Protein chains: 2
Amino acid sequence: MATSEPRATGGDQDPDSANLRPPSTTYEYAWMHGCTRKLGMKICGFLQKNNSLEEKGRLAGHKSFLSCDNSDRDARFRRTETDFSNLFARDLLPAKNGEEPTMQFLLEVVDILTNYIKKTFDRSTKVLDFHHPHQLLEGMEGFNLELSDQPESLEQILVDCRDTLKYGVRTGHPRFFNQLSSGLDIIGLAGEWLTSTANTNMFTYEIAPVFVLMEQLTLKKMREMIGWPGGEGDGLFSPGGAISNMYSVMIARYKYFPEVKTKGMSAAPRLVLFTSEHSHYSIKKAGAALGFGTENVILLSTDERGRVIPADLEAKIIDVKQKGYVPLFVNATAGSTVYGAFDPISDIADICEKYNLWLHVDGAWGGGLLMSRKHRHKLNGIERANSVTWNPHKMMGVPLQCSAILVREKGILAGCNSMCAGYLFQPDKQYDVTYDTGDKAIQCGRHVDIFKFWLMWKAKGTVGFEQHIDKCLDLSQYLYNKIKNREGYEMVFDGVPQHTNVCFWYIPPSLRGVPDGEERREKLHRVAPKIKAMMMESGTTMVGYQPQGTKVNFFRMVISNPAVTQSDIDFLIDEIERLGHDL
Amino acid sequence: MATSEPRATGGDQDPDSANLRPPSTTYEYAWMHGCTRKLGMKICGFLQKNNSLEEKGRLAGHKSFLSCDNSDRDARFRRTETDFSNLFARDLLPAKNGEEPTMQFLLEVVDILTNYIKKTFDRSTKVLDFHHPHQLLEGMEGFNLELSDQPESLEQILVDCRDTLKYGVRTGHPRFFNQLSSGLDIIGLAGEWLTSTANTNMFTYEIAPVFVLMEQLTLKKMREMIGWPGGEGDGLFSPGGAISNMYSVMIARYKYFPEVKTKGMSAAPRLVLFTSEHSHYSIKKAGAALGFGTENVILLSTDERGRVIPADLEAKIIDVKQKGYVPLFVNATAGSTVYGAFDPISDIADICEKYNLWLHVDGAWGGGLLMSRKHRHKLNGIERANSVTWNPHKMMGVPLQCSAILVREKGILAGCNSMCAGYLFQPDKQYDVTYDTGDKAIQCGRHVDIFKFWLMWKAKGTVGFEQHIDKCLDLSQYLYNKIKNREGYEMVFDGVPQHTNVCFWYIPPSLRGVPDGEERREKLHRVAPKIKAMMMESGTTMVGYQPQGTKVNFFRMVISNPAVTQSDIDFLIDEIERLGHDL
């Protein structure tokens, strides 16, 4: 379908319309909307004054409004609004005379985005406007996802941008608690906008000099916080914690059996990896992908709080050795996905030293606590790890994606992964080519994930991250205190949570007092999914649930968004009770 | 170091200053710079009118300028400029009353970015302002890369943003020819800005409903273009071509030896992968990472143009089988990195069928030619492949990163990679959970790479991509015709290039007529690096060079940026001759 006529959307269609906003902010809203219109005016005013005949002809598609729209003073201003319905992508830069429409188009996009941002922080806005896949695929009020041979007008493209945001989920909303990554950090966002404008690639200093150095300095700072002497070591930003964890397994294997790189797994004995039954599934994924096999990923038992029992690790190491296999690698989780548990790293490190195993700490979720003087003791012993995964895009609120794999031994990443492709990494360049880091990665091109993080660190300082983390942990304790003895709630585990994870069942009145048993368990298992479904339909808040081991579905509340306040936590509890009361 | 005083930068420091621009555009430039200032005015005007006492107090840090700055009409306008030196990240949203400073800050950033964009397309702007790593690390004119404990003011953050762009490389500049990815597509850029504002994650429909569906529809469209019946099959966007290629090896292994997933490589015989000696190094990297070993990645011989010789593949398969190993996988490259060569896919597919091997086509670079009716014949036979890598972020000009792995057999990606983690993928959700695609990936979180591409496809249509590709190939033929018989040039291989890659030596006068031999080869080997170093120092253009096999360093010219014109090609040749004449 090709059209230059924007598809009209229904009454409630425009995410910019004020009808989802509280009346009190309507004026302010309209005012912001006017801002980039004003830019459009300036642009067109300039064009009217300066353009050649040719340009004037091309501008026939611009509508003109004469009006006085300067509400703050007695000023008069010629207002000209761009008509995007006759403009197409081909009219933008690098097209001849493409600069003006380019600027107008981008500013219109920015107008859409800034409105979205403001509404994201506005609690009277819904977290989401839920629709089923088939509904969106059928085309909501003209929002057509299908691609076509012919171009759409820029007006339609702007409508598509609005609709994309309208039917999405506001992960930055103060009542979005569904994921470990939430919030919308303004500095980080600005960093991402700049990163995409720079549109470059991390693999050589030649094409990303500033970003390569920022990555190097930031990784060093992170290693210092881990506690490796002088911040020495190595590292990379990778596309997420699962890949960072995969790196750790690869380099552990390379450290002990470097011949696997050339000869394959058949050159090594049967190698075994250890990780907690509560750990992230990426260790198993890595075991499958890298050729160990999931059967050689041994799951460690945990205590009631989800922390690895060191004695279980030692027993399983001994067992594996007795079978003639070779224990290679232990993953200690610092902040497990569901319980937020911190494995006892020091005790695990003792065992790793005793048996000469690689110790990896998966701090994807909990690594951020290293920034907090109050909470970093939960990671005591991390300085003894051989490698660490740490995702600033989780607890530290950096926009997605931003995950680091940090390695204590310098040079081993390159040893493990380099293929010395002459066409990418020429040794005869005019600069110090040790800054060309691409060959350390399993990727070739690598997205610039560093800038937003670097910029946030500059803007907040280490103390800013610390305050953010302390605040989120305080809030989770507030939630814990609020519900631990509240009627209708059962905690999944006892005691103050180690991280911001608070795991609980909501027991509807119909199940209160019912004795434990299969029937109650089955009914309780269905409660969280039902409440969650109603939450999403009503769009008021979002929180995750899951079963764990033998435990039936329970809510896992997590907080990483600095916009969250106690009132949002109160709201969540009210909402669970409102929706779940009659189940 | 903590300071709220922005570090002053020297005379040439501001990328917004007009001194790098031609005099003719100075006015236009100043005019654009004024645009978001005007936004600032509107904002402050609003604040002056509407704010409570509390807000007025907080706004003490705003400077006010009274001036008449509306150059196009007789209008009067109160200009108020925000003083960012007393504002910090903590003053932005979600701070109380944070909306106004947030909008002001973001619009100031947009001002920086739009100025950067305009200059990127301006040929009088340098491609880069080269500095050595130690110079940038020492701090260029106050640009301090080190991170500190205390926050910086927003004014300093804005200076940092400008400096980051100033010392970077303009990959969108019409004279940047250094990489397979170049250009700065405005629609794609808008798409990235929106993506980072939405800040979500691809792993479930729950949190990325629109993006998940866009990915599904776009992948289907790509499979249709490959020629798989009805566009059926599977796929994912992954963090780059190297990871996409890694996926292909993993799923090939899973197809033939699914037990490797649980039991590891020891459950399979010795497996062998085949790929061209001209292919991308990521196949070898995958072989190393996944436990095959690089010795089991057999390199295939190529003809003079860099295309695999099918008979060599068959001979090597037979040889491997005679040794008792198992041939598993063949990678055919569609558009090799250096020569731009297309392996004969149909002939290779015949052999794969005969010996029952997995056929993967690495179309990271050449896949885009499928969009062109004129050039897609170069990929004939791709419809017989089991899997295809195709990077829209290369030939199709989509911003980084955007790479697809496409698979003919539905369900095999999930079979290979799923771990069914209950805490991520709950089967008891209220919507059709087959849309939760996260467990198909080796990643957990996955960056939203689809939106910019979807938006570009909407805005350009298939025909727009076709025109772009045909134009780039025409330009490379222009370059080829220009230099093939020109004095001082030798082509690395004969004939019209298959892709936009044109590979050549520039022979300085001092080497012309010198008979071939070790001494000439050694001297010639040093020519391209010297010219490249001077190019970077002068900042006028960038083009890649590398050796290949026994061939000494030569230039590899590639074109993927729609901004390039014949005059830019002429400029490159002039520049090479200017810089290389006296070598």
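Everything numeric here is computed off the predicted structure, so don't read it as measured data. The figures that follow rest on heavy atoms only: side chains count, while hydrogens, waters and symmetry mates do not. Note on naming: letters A, B, ... go to the chains in the order of the sequence lines (proteins, then strands), and numbering restarts at 1 for each one.
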Can you tell me if B:K458 uses its side chain to pair, donor with acceptor, with the backbone of A:E146 under 3.5 Å? yes
Keeping the roles fixed (side chain from B:W454, backbone from A:L145), state whether a donor-acceptor pair exists under 3.5 Å. yes
Could you tell me the separation between the OG atom of A:S266 and the CG atom of B:N296, rounded to the nearest 0.5 Å? 7.0 Å
Segment of A:S181 engaging chain B (4.5 angstrom heavy-atom cut-off): neither
What part of A:Y205 is in contact with chain B, defined as an atom under 4.5 angstrom from a non-hydrogen atom: side chain, backbone, both or neither? side chain
Please name the pair of heavy atoms, one in B:A289 and one in A:M250, separated by the smallest distance, quoted to 0.1 Å. CB-CE, 3.7 Å
Nearest 0.5 Å, what's the CZ-CD1 distance between A:R446 and B:I243? 11.0 Å
Is B:N199 reaching over with its side chain to a backbone N or O of A:T171, donor-acceptor style, under 3.5 angstrom? no
Run the ring pair (Phe, Tyr, Trp, His ring centres under 6.0 Å) test against A:F121 and tell me which residues pass, sequence neighbours left out. none
Quick one: does B:E99's side chain have a donor or acceptor within less than 3.5 Å of a partner on A:K118's backbone? no
Closest heavy-atom pair and its distance - A:H132, B:Y431: ND1-CB, 3.7 Å
Which bit of A:M456 is near chain B, if near means a heavy-atom gap under 4.5 Å: side chain, backbone, both or neither? neither
Quick check on the interface: out of A:K261, A:H393, A:E192, who has the most heavy-atom pairs with chain B under 4.5 Å? A:K261
Is the closest side-chain heavy-atom distance between A:F130 and B:Q430 below 4.5 Å? yes
Contact class of A:V463 relative to chain B, heavy atoms under 4.5 angstrom: both
So for A:K284, is it side chain, backbone, both, or neither that comes closer than 4.5 Å to the heavy atoms of chain B? both
Any side-chain donor paired with an acceptor under 3.5 Å for B:T197 and A:W193? yes
B:P209 and A:G168: which non-hydrogen atoms are nearest, and at how many Å? CG-CA, 4.4 Å
Do the side-chain N and O atoms of B:N178 and A:E206 include a donor-acceptor pair separated by under 3.5 angstrom? yes
Under the side-chain contact (heavy atoms from CB on, under 4.5 Å) test against B:S196, which residue among A:T195, A:L189, A:L400 passes? A:L189
Distance-minimising heavy-atom pair for A:A190 and B:F105: CB-CE2, 3.8 Å
Looking at every heavy atom in both A:Q443 and B:Y281, which two are closest together, and how far apart are they? O-OH, 3.9 Å
Say you draw a straight line from CZ of A:R526 to CG of B:D428; how long is it, rounded to the nearest 0.5 Å? 10.0 Å
With rounding to the nearest 0.5 angstrom, report the CG to CG distance, A:L137 to B:L213. 4.5 Å
Given side chains that start at C-beta, do those of A:M419 and B:T294 come closer than 4.5 Å, heavy atoms only? yes
Answer with side chain, backbone, both or neither: which region of A:L154 has an atom nearer than 4.5 Å to a non-hydrogen atom of chain B? side chain
Separation between NZ of A:K285 and CD1 of B:I442, rounded to the nearest 0.5 Å: 8.5 Å
Chain B contact via A:A441 - side chain, backbone, both or neither, heavy atoms under 4.5 Å: backbone
Checked B:L92, B:I207, B:V260, B:N561 vs chain A; the most non-hydrogen pairs under 4.5 Å come from B:I207
